[in-house]
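Before any comments, here is the structure.
Computed from a predicted model, the values in this text were never measured in an experiment. Atoms within each ligand, like the ligands themselves, are counted from 1 in listed order.
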Amino acid sequence: MRIEYLAKPFVDVVCDMLAFPVFEGETEQSASLRNLAKATRGTLNLILHSGEFKAELHKTSCIHKPAGLKARRLLLVGAGKKGTFDPAKLREIVGVSVRAARSFRCKTVGFFLHPDQLVPFAARVASEGAIYANYESDIYKTRNREAKDVEQIFLIGGADKRKGEFEKEIGQGIIVGEATNFARALANEPSNVLTPSQFAARAITVSHKSGLDVQVIERDEMERLGMDALLAVSRGSDEPPKLLIVRIRGQQKKSLGSSPLYALVGKGVTFDSGGISIKPSEKMEDMKCDMAGGAAVLGAMAALAQLRTQRRVIGLIPAVENLPSGKAVKPGDVVKSFSGKTIEIINTDAEGRLIMADALAYARSLGATQLIDVATLTGACVIALGKVNAGMMGTDLKTMDRLRGNINITGEKLWQLPLDDDYREAIRSEIADMKNVGGREGGAISAAKFLQEFVEDTPWVHLDIAGMDLDHDGRPYACKGATGFGVRTLVQLFH
Ligand code: BES
Ligand code: ZN
Ligand code: ZN
């Protein structure tokens, strides 16, 4: 999809569909609609007074052959209430426009940038929204796959001549949008395709395109390093585990001095059957997405490399498959983790925290001074917060504040859960340093308490994205399936 900034009046833009945002309560006399009302000679007034379009967020109304415009269609897009509008909602309504264009088989789309949001940054989020919406998860369909992709978007800035600044933001938006779709495509892959080895192969492919260096730690090296928590999870599978270390090329040589080294650690369970503590079959297929945290870390790293971030960041992705077999780890087994701490494995379905424990401790051994982990860790988090907010826990209060402050930009909602030391009791083991489950009560928190044992005193944020990674319903601005949740949150933090 090409995205272009146009500093010319919307009436002159030739395209299959011109999308025009409208806020609730705006009338033909409102500053942003006056010109449209004049150009369309009564049609706009007709619609606004008909009552069928009230400009609620994501609602649309389409007019064919609008008078006074060179566009073939005019799409009014509800932008909701002006007072609560933010960049995240702009991203969504651009996405709504692109989804509408796809369903009408429109190839070229103009999007009118509302005078109230006419800043170059708007072009960035608009570009992200357009690219996100143009993605479809249909690569395995061999029939009835229509070419619905929108090919060209014009962002229309009217009289604003800051073309260079808008174009720079568009370039960044394309990078972030494509990185998000990359993460979605990875998470949507079935587990027979995306094995840990294939995850590593895809990471290497994307590294060439985006300027990353990927190091793959293989099983024998994990054995030498003593990563027995990670190895325990992978033992039931014939697929070998991989620990991916992702660095931004050239960053080691650069004189970024002794600035903090952030490690982004993403859970990469390519399929989570539960292992010997096997899951019920209902919805087990969703567990092909149990590597969504890892995909988000890889997508974010690819974007950050292309955006030439000045922050020191590395990515770690422990990639394994969790299956039952004659070799699988069993409830009651005790393993010694990379950190030296011992773990009694009560439930083999609490595998995410085991692989993350070794990856987090390994990140510290690489010199990470700040840790951020992203994981589809607990069903308990979905019970607590639904599929609206991801759970956020940790000890790095400053970073958590920044993450919270960015929600109106990223649109990725986070809700902080407590992490009092009282919760530690739940994972006390009689025979080892800790056990890997803490019971049903406060399950998202006891999982985080488990991880905390391995981050020790390094400032740390844990994002439990269970439930956020996969959208079964679809959205007016996105297809069903993987969401790429976490990519924008991580990128925004370092941008
Ligand atoms: N991958 C799951 C968590 C999950 C559940 C992600 C639903 C997305 C949607 C994780 O490995 C898991 O199985 N957790 C268990 C932990 C329990 C055994 C303590 C859970 O949440 O049931
Ligand atoms: Zn599990
Ligand atoms: Zn899992």
Side-chain angles (χ1 to χ4, degrees), residues 187-188 191 194 196 199 229-230 232-237 241 265-296 317-324 328-333 343-359 373-391 393 417 423 426-429 434-451 462-473 481-486:
N188 278 329
S191 73
L194 199 88
F199 202 151
L230 199 169
V233 175
S234 127
R235 206 176 301 142
S237 168
V265 186
K267 172 175 171 181
V269 176
T270 60
F271 188 75
D272 180 13
S273 72
I276 296 294
S277 316
I278 199 159
K279 286 180 181 295
S281 8
E282 202 191 339
K283 289 275 164 240
M284 200 203 268
E285 68 275 16
D286 285 358
M287 287 301 125
K288 70 173 185 179
C289 290
D290 211 18
M291 35 55 71
I317 303 161
V320 299
E321 191 177 57
N322 185 23
L323 292 183
V329 68
K330 303 173 293 298
D333 290 359
I343 304 163
E344 183 187 10
I345 298 177
I346 300 293
N347 189 317
T348 66
D349 195 12
E351 85 299 338
R353 61 196 80 181
L354 295 171
I355 68 168
M356 295 296 277
D358 276 353
D373 80 75
V374 189
T376 48
L377 207 64
T378 65
C381 194
V382 192
I383 300 299
L385 300 175
K387 289 176 165 234
V388 176
N389 277 281
M393 287 148 271
L417 299 173
Y423 291 105
I427 55 167
R428 201 167 57 85
S429 163
M434 71 201 85
K435 56 183 183 180
N436 79 328
V437 290
R440 281 160 52 81
E441 296 168 357
I445 303 172
S446 55
K449 276 325 250 186
F450 181 92
L451 297 182
H462 162 57
L463 302 178
D464 191 335
I465 64 162
M468 307 305 295
D469 56 316
L470 196 55
D471 182 2
H472 282 304
D473 304 326
T483 61
F485 191 99

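Nearest heavy atoms, L451 versus M356: CD2-CB, 3.7 Å. The two residues A448 and H462 make their nearest non-hydrogen contact at CB-CD2, 3.6 Å. The heavy-atom pair separating S191 from T270 by the smallest distance is CB-O, 3.3 Å. The minimum heavy-atom distance linking K449 with Y423 is given by the pair CG-CB, 3.7 Å.
Within the structure, the closest approach of K279 to ligand 1 falls below 4.0 Å when heavy atoms are considered.
Legend: residues meeting side chain to side chain donor-acceptor pair (under 3.5 Å) with T376, ordered by chain and number and at least two apart, are D290.
Summary of contacts: the protein heavy atom closest to atom 15 (C) of ligand 1 is D349 O, 4.0 Å. The nearest heavy-atom contact from the protein to atom 9 (C) of ligand 1 is M287 CE, 3.6 Å. Among all protein heavy atoms, the one lying closest to atom 19 (C) of ligand 1 is V437 CG1, 3.4 Å. Closest to atom 16 (C) of ligand 1, if we only count protein heavy atoms, is R353 NH2, 3.7 Å. The closest protein non-hydrogen atom to atom 10 (C) of ligand 1 is L377 O, 3.3 Å. At the shortest separation from atom 21 (O) of ligand 1 among protein heavy atoms lies G379 N, 2.6 Å.
Distances below 4.0 Å separate heavy atoms of K267 from the following atoms of ligand 1: 1 (N), 10 (C), 11 (O). Numbered from 1 in the order shown, with element, the atoms of ligand 1 that lie under 4.0 Å from a heavy atom of A466 read 6 (C), 8 (C). For ligand 1, the atoms sitting less than 4.0 Å from at least one non-hydrogen atom of E351 are 11 (O), numbered in the order shown with element in parentheses. Per-residue contacts place N347 under 4.0 angstrom from the following atoms of ligand 1 (heavy atoms of the residue considered): 18 (C).
Although no hydrogens or angles enter the test, the distance criterion places a donor-acceptor pair under 3.5 Å between the side chain of D469 and the main chain of G467. With T348 contributing its side chain and V329 its backbone, the two residues share no donor-acceptor pair below 3.5 Å.
Atom CG of residue D349 and atom CE of residue M287 lie 8.0 Å apart, to the nearest 0.5 angstrom. For the atom pair CG (D471) and NZ (K387), the distance works out to 7.0 Å, reported to the nearest 0.5 Å.
Between D272 and ligand 1, a contact under 3.5 Å exists for at least one N or O pair. When only interatomic distances are considered, the shortest N/O to N/O separation between D469 and ligand 1 does not fall below 3.5 Å.
Around the Zn ion (ligand 2), protein N, O or S atoms at less than 2.8 Å comprise D272 OD2, D349 O, D349 OD1, E351 OE1.
Taking backbone and side chain together, A375 holds no N, O or S atom under 2.8 Å from the Zn ion (ligand 3).
Counting heavy atoms from C-beta outward, L463 and F485 have side chains that stay 4.5 Å or more apart.
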